[in-house]
Amino acid sequence: MDILYSFAPYTTKEKIYEAIGYKWDDISQTVGEGMSQIVFVKEGKIVCYLYGYPENIKLGFNFGEYNE
């Protein structure tokens, strides 16, 4: 299954690890409002990771709020 994860600002590394299902070295926790953190997973492996302010990475998404 291919999955896209979008995490709200200030989502902890532990919550991200829990959602994705494993830890990886390059993860960062967002430190400000408006920061994007998006992870693309294909066949159980991370294939793309976007992190930062949309104006800096020249890419933005708005998926609304995540409810558990």
Side-chain angles (χ1 to χ4, degrees):
M1 178 186 322
D2 300 333
I3 302 172
L4 176 148
Y5 294 93
S6 174
F7 297 100
Y10 308 111
T11 301
T12 65
K13 290 181 181 183
E14 290 74 23
K15 287 280 187 187
I16 294 169
Y17 294 149
E18 183 179 310
I20 303 246
Y22 66 95
K23 296 181 181 186
W24 81 99
D25 295 336
D26 295 332
I27 187 66
S28 297
Q29 182 173 326
T30 51
V31 295
E33 290 296 322
M35 290 186 83
S36 295
Q37 184 149 244
I38 301 167
V39 181
F40 296 86
V41 177
K42 182 173 179 77
E43 298 175 2
K45 298 191 188 270
I46 296 167
V47 295
C48 183
Y49 173 56
L50 302 171
Y51 167 84
Y53 290 100
E55 60 271 14
N56 294 341
I57 61 174
K58 307 292 187 223
L59 184 64
F61 297 94
N62 183 349
F63 297 108
E65 295 294 320
Y66 172 76
N67 296 311
E68 291 186 53

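The structure displayed is predicted, hence computed values, not measured ones.
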>> For Tyr5, run the side chain to side chain contact (heavy atoms under 4.5 Å, CB included) check against Val41, Ile46, Ile16, Ile38 and tell me which one passes.
In response: Val41

> Who are the side-chain hydrogen bond (donor to acceptor under 3.5 Å, both in side chains) partners of Tyr49, not counting sequence neighbours?
Replying inline: Gln37

> When you measure from the side chain of Thr30 to the backbone N and O of Tyr10, does any donor-acceptor pair fall under 3.5 Å?
Replying inline: yes

>> Using 0.5 Å steps for rounding, measure from the NZ atom of Lys45 to the CD1 atom of Ile20.
In response: 14.0 Å

> How long is the span from the SG atom in Cys48 to the NZ atom in Lys42, to the nearest 0.5 Å?
Replying inline: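 Here the rounded value is 13.0 Å.
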
Within the 4.5 Å heavy-atom criterion, are [X] and [Y] side-chain neighbours or not?
X	Y	value
Lys23	Ile27	no
Phe40	Ile3	no
Thr11	Gln29	no

> What's the shortest heavy-atom distance between Gly32 and Tyr53, and which atoms?
Replying inline: CA-OH, 3.6 Å

> Where is the tightest heavy-atom contact between Pro9 and Gly34, given as atom of each residue plus distance?
Replying inline: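 So the minimum-distance heavy-atom pair works out to CG-N, 3.8 Å.
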
